[in-house]
Participant: 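Questions regarding the structure given below will be posed in turn.
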Amino acid sequence: MKALFIVTGRGLGGDAAIALNTIKALEKRGVDCEVALDKSAPGILFEKNGYSWYKISIPQAGGHAATKLSAAKGALKLIGATFKARSAIKKSGADFVVGVLGGGAIVGSLGAKFARKPAFSLISTPLDSKVCPKFNQCYIFPELDKFRLETLPENMEKSFYPISDTAGNGDANIAFSKLKEFPNFDENKKTILFSSGSSIFKGMIDAINLVSRCTDEYNLVLVGIPLEDEYLDDIDNEKIIYTGYIDWMNHLFKFVDLAVLTDDGVSLQEALTCEKPIVTVTRVKWGRYQNMAGIYKGAIIESEIDDVCRSIDESFKNYDSLKERALFYGQESSQAADYLVDRMLKKLE
């Protein structure tokens with residue numbers, strides 16, 4: 001059996017990680033998997049893991065930040081994108097299709113319909129949640145407000161984000177040795193990780209700068225690639241350990257004492273799997289608010305950017321209870337990929 005994954009985004013961030021983790025879980029069950037990305041995607045995560053990909057067109061409407069105008073522009077590109085997806089599906093010889101988030105989910109649904117193949121959609125935005133259930137079975141992730149409903153519409157089921165088998169198996173000593181290469185790392189201090197995913201948003205830089213001015217009590221580690229090159233000028237390299245884009249996040253999650261993240265995405269569950277309390281800085285990504293503290297109850301403290309110092313203090317005061325809840329949700333998260341693909345394969349029977 002073979003599956004084709006049609007994945008939105010650049011092939012290096014959370015969308016790609018969700019696809020890759022689902023692929024790995026399917027491969028353990030003997031399913032061959034191939035990938036299709038937008039022709040402009042660098043696909044770094046897939047390349048690092050030995051996957052090539054079909055280059056198609058995957059319009060994006062802006063995800064949670066979509067407007068009527070951006071949705072309309074995306075819709076205009078959808079016809080051509082659908083037939084390119086159909087062609088890739090047929091060329092791959094896939095038995096079923098998995099569309100991953102936003103434009104990838106929508107193009108996957110439509111392309112599979114025209115190719116007459118069964119499909120599944122992994123969805124988390126308002127637009128894909130409206131379109132994809134009309135065509136095939138969908139699995140909704142915690143970012144989508146429907147995740148909080150007790151009874152879901154037809155063709156929808158809930159799922160935590162699928163995470164890697166290795167997410168909870170990091171080695172703190174590896175992260176420690178890498179951090180020691182930075183001259184401003186102090187092994188006698190606690191360490192706080194700041195991350196907004198593979199891309200660094202301006203709000204996360206503002207948050208870490210606030211903490212650096214409030215206290216010198218912690219090692220402050222910033223991970224990712226700035227969305228805009230000029231953001232680099234705002235990083236104080238004397239007070240902040242800036243690592244850039246790294247492939248040892250599982251080791252870093254194991255080492256740090258606290259993770260300060262945006263309130264979205266797979267990174268939350270990766271941190272929880274490593275039993276780390278989390279502060280989520282809200283409204284960093286296009287002003288959106290996801291209320292992840294309402295999903296992972298007791299493991300996350302929410303914070304506006306301006307309140308981040310107070311929220312970090314609160315986290316360390318309540319560290320033991322936060323860590324206990326992180327352990328609970330970490331165990332749930334570690335099983336999510338297997339749970340998701342088992343439900344997919346059962347639907348195909």
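Just so you know, residue 1 is the first one in the sequence shown, and it goes up from there. These numbers come from the heavy atoms of this one structure, side chains and all, not from hydrogens, waters or symmetry mates.
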Participant: Got a second to check how far Ile140's CD1 is from Ser159's OG, nearest 0.5 Å?
Facilitator: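 One gets 9.5 Å once the value is rounded to the nearest 0.5 Å.
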Participant: Between Asp236 and Arg213, does the salt bridge (Lys or Arg N to Asp or Glu O under 4.0 Å) criterion hold? Intermediate values first, please.
Facilitator: CA-CA 10 Å; Asp236 185 342; Arg213 291 193 290 267; over 6 Å; no
Participant: Would you say Lys347 and Met344 make side-chain contact, with heavy atoms under 4.5 Å?
Facilitator: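 Answer no - side chains too far apart.
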Participant: Within the 4.5 Å heavy-atom criterion, are Met156 and Leu149 side-chain neighbours or not?
Facilitator: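 The answer is no; the side chains never approach within 4.5 Å.
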Participant: Go through the steps for Ser321 and Asn318 under the test side-chain hydrogen bond (donor to acceptor under 3.5 Å, both in side chains), then give the verdict.
Facilitator: CA-CA 6 Å; Ser321 64; Asn318 297 281; 4.7 Å; no
Participant: Check this for me, if you would: do Asp338 and Lys28 make a salt bridge, where the nitrogen-to-carboxylate-oxygen distance has to be below 4.0 angstrom?
Facilitator: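 Yes, charged N to carboxylate O under 4.0 Å.
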Participant: Could you tell me whether a side-chain N or O of Lys2 sits under 3.5 Å from a main-chain N or O of Gly93, the two making a donor and an acceptor?
Facilitator: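 Pair absent, no side-chain N/O of Lys2 close to backbone of Gly93.
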Participant: Report the relative orientation of the aromatic rings in Trp53 and Phe46; use parallel for angles under 30°, tilted for 30 to 60°, perpendicular for over 60°.
Facilitator: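 Rings of Trp53 and Phe46: tilted, 30 to 60°.
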Participant: For ring pair (Phe, Tyr, Trp, His ring centres under 6.0 Å), just list the numbers for Tyr339 and Tyr139, CA-CA rounded to whole Å, side-chain angles, deciding distance to a tenth of an Å, and then say yes or no.
Facilitator: CA-CA 11 Å; Tyr339 187 49; Tyr139 298 95; 9.0 Å; no
Participant: For the pair Ser212 (side chain) and Asn209 (backbone), establish whether a donor and an acceptor sit closer than 3.5 Å, ignoring hydrogens and angles.
Facilitator: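 Such a contact is found between Ser212 side chain and Asn209 backbone.
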Participant: Would you indicate whether the side-chain heavy atoms of Glu314 and Val279 approach each other to under 4.5 Å?
Facilitator: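 A side-chain contact under 4.5 Å is absent here.
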Participant: Can a donor-acceptor pair be found between the side chains of Ser121 and Ser109 at a distance below 3.5 Å?
Facilitator: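 Result is yes, a qualifying pair exists.
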Participant: Can you name the one residue among Val256, Val260, Ile241 that meets side-chain contact (heavy atoms from CB on, under 4.5 Å) with Val221?
Facilitator: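 Only one of Val256, Val260, Ile241 forms a side-chain contact (heavy atoms from CB on, under 4.5 Å) with Val221, namely Ile241.
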Participant: With a 3.5 Å cut-off and no angle check, do the side chains of Glu143 and Tyr161 form a donor-acceptor pair?
Facilitator: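 Side-chain D/A pair, Glu143 to Tyr161: present.
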Participant: Less than 4.5 Å apart, side chain to side chain, heavy atoms only: is that true for Leu101 and Phe141?
Facilitator: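 They are in side-chain contact.
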Participant: Whether the side chain of Arg325 engages the backbone of Lys297 through a donor-acceptor N/O pair (distance < 3.5 Å, no angle test) should be reported.
Facilitator: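 Yes: the side chain of Arg325 pairs with the backbone of Lys297.
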Participant: Just verifying a value: how many Å separate Leu12 CG and Asp247 CG, rounded to the nearest 0.5 Å?
Facilitator: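 The distance works out to 12.5 Å.
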Participant: Quick one: are Phe255 and His251 in side-chain contact, heavy atoms under 4.5 Å?
Facilitator: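 They are not in contact (no side-chain heavy atoms under 4.5 Å apart), so the answer is no.
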Participant: What closest approach, in Å, do Phe114 and Arg86 show between heavy atoms, and which atom pair accounts for it?
Facilitator: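 It is O-NE, 3.4 Å.
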Participant: Within a strict 4.5 Å, meaning less than it, do heavy atoms of the Ile312 and Tyr218 side chains meet?
Facilitator: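 Yes, close enough: below the 4.5 Å cut-off.
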Participant: Taking atom CZ of Phe135 and atom CG of Leu110, what is their separation to the nearest 0.5 Å?
Facilitator: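 Here the interatomic distance stands at 5.0 Å.
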Participant: Nearest 0.5 angstrom please: Gln137 CD to Leu122 CG, how far?
Facilitator: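 The CG atom of Leu122 is 11.0 Å from CD of Gln137, to the nearest 0.5 Å.
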Participant: Does Lys189 use its side chain to pair, donor to acceptor, with the backbone of Asp216 at less than 3.5 Å?
Facilitator: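 Confirmed, Lys189 side chain pairs with Asp216 backbone.
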Participant: Would you say Ser196's side chain and Phe201's backbone share a donor-acceptor pair under 3.5 angstrom?
Facilitator: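 Here the side-chain-to-backbone pair exists.
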Participant: Crowded around Asp229 CG? As in, over 12 foreign heavy atoms under 6.0 Å?
Facilitator: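 Not buried by this count: 12 neighbours or fewer within 6.0 Å.
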Participant: Taking Tyr242 for the side chain and Gly224 for the main chain, is one N or O donor matched with an acceptor at less than 3.5 Å?
Facilitator: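 Flag set: sc Tyr242 to bb Gly224 pair under 3.5 Å.
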Participant: Less than 4.0 angstrom from a charged side-chain N to a carboxylate O is my criterion; do Glu304 and Arg283 meet it?
Facilitator: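 Result for this pair is yes, salt bridge flagged.
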Participant: Quick check: closest heavy atoms across Arg148 and Asn291, and the distance to 0.1 Å?
Facilitator: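 Taking Arg148 first and Asn291 second, the nearest heavy atoms are NH2-O, 2.8 Å.
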Participant: Calculate, to the nearest 0.5 Å, the distance between atoms NZ and OG belonging to Lys323 and Ser315 respectively.
Facilitator: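 Going from the NZ atom of Lys323 to the OG atom of Ser315 covers 13.5 Å.
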Participant: Tell me whether Phe194 is reachable from Tyr231 by hopping between hydrophobic residues (I, L, V, M, F, W, Y) whose side-chain heavy atoms are closer than 4.5 Å.
Facilitator: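 Yes, it is one cluster - the side chains of Tyr231 and Phe194 are joined through contacts under 4.5 Å.
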Participant: In Å, rounded to the nearest 0.5 Å, how long is the span from CG of Leu26 to CG of Leu345?
Facilitator: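 Reported to 0.5 Å precision, the distance equals 5.5 Å.
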Participant: Using a 3.5 Å distance criterion without hydrogens, assess whether the side chain of Asp263 forms a donor-acceptor pair with backbone atoms of Thr280.
Facilitator: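 Not a single qualifying donor-acceptor pair exists.
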Participant: Measure across Ala167 and Asn250 and return the closest heavy-atom pair with its distance rounded to 0.1 Å.
Facilitator: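 Between these two residues, the closest heavy atoms are O-CB, 3.8 Å.
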Participant: Salt bridge between Asp264 and Lys285, side-chain N to carboxylate O under 4.0 Å?
Facilitator: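 Result for this pair is yes, salt bridge flagged.
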Participant: Walk me through whether Met292 and Leu261 qualify under side-chain contact (heavy atoms from CB on, under 4.5 Å).
Facilitator: CA-CA 11 Å; Met292 291 296 97; Leu261 309 172; over 6 Å; no
Participant: Tell me, with the steps shown, if Glu332 and Leu272 meet side-chain contact (heavy atoms from CB on, under 4.5 Å).
Facilitator: CA-CA 9 Å; Glu332 292 276 308; Leu272 293 171; over 6 Å; no
Participant: Between Asp257 (side chain) and Ile192 (backbone), is there a donor-acceptor pair under 3.5 Å?
Facilitator: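 It does not hold such a pair.
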Participant: Taking the side chain as every heavy atom from C-beta outward, state whether Lys113 and Thr82 have any pair of such atoms under 4.5 Å apart.
Facilitator: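 No. Closest side-chain heavy atoms not under 4.5 Å.
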Participant: Where do Leu220 and Val211 land on the side-chain contact (heavy atoms from CB on, under 4.5 Å) test, with the steps shown first?
Facilitator: CA-CA 8 Å; Leu220 306 177; Val211 178; 3.8 Å; yes
Participant: Can you check whether Thr125's main-chain N or O pairs, donor with acceptor, with Asp128's side chain at less than 3.5 Å?
Facilitator: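 Yes, the answer is positive, given that a donor and an acceptor are paired below the 3.5 Å cut-off.
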Participant: Decide yes or no on ring pair (Phe, Tyr, Trp, His ring centres under 6.0 Å) for Tyr51 and Phe5, but give the supporting numbers first.
Facilitator: CA-CA 12 Å; Tyr51 293 89; Phe5 278 69; 9.4 Å; no
Participant: Using a strict threshold of under 4.0 Å (side-chain N to carboxylate O), is an ion pair present between Lys180 and Glu187?
Facilitator: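 Between Lys180 and Glu187 there is no salt bridge, as every charged N stays at least 4.0 Å from the carboxylate O atoms.
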Participant: Against Ile6, only a single residue in Ile56, Leu37, Val100, Val98 fulfils side-chain contact (heavy atoms from CB on, under 4.5 Å); can you say which?
Facilitator: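 Between Ile6 and the candidates, side-chain contact (heavy atoms from CB on, under 4.5 Å) is satisfied uniquely by Ile56.
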Participant: Backbone N or O of Asn169 within a donor-acceptor pair of the Lys254 side chain at under 3.5 Å?
Facilitator: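 No, because the side chain of Lys254 does not come within donor-acceptor range (under 3.5 Å) of the backbone of Asn169.
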Participant: Are Phe147 and Ile295 side-chain neighbours, meaning at least one heavy-atom pair lies under 4.5 Å?
Facilitator: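 Counting from C-beta outward, Phe147 and Ile295 do come under 4.5 Å.
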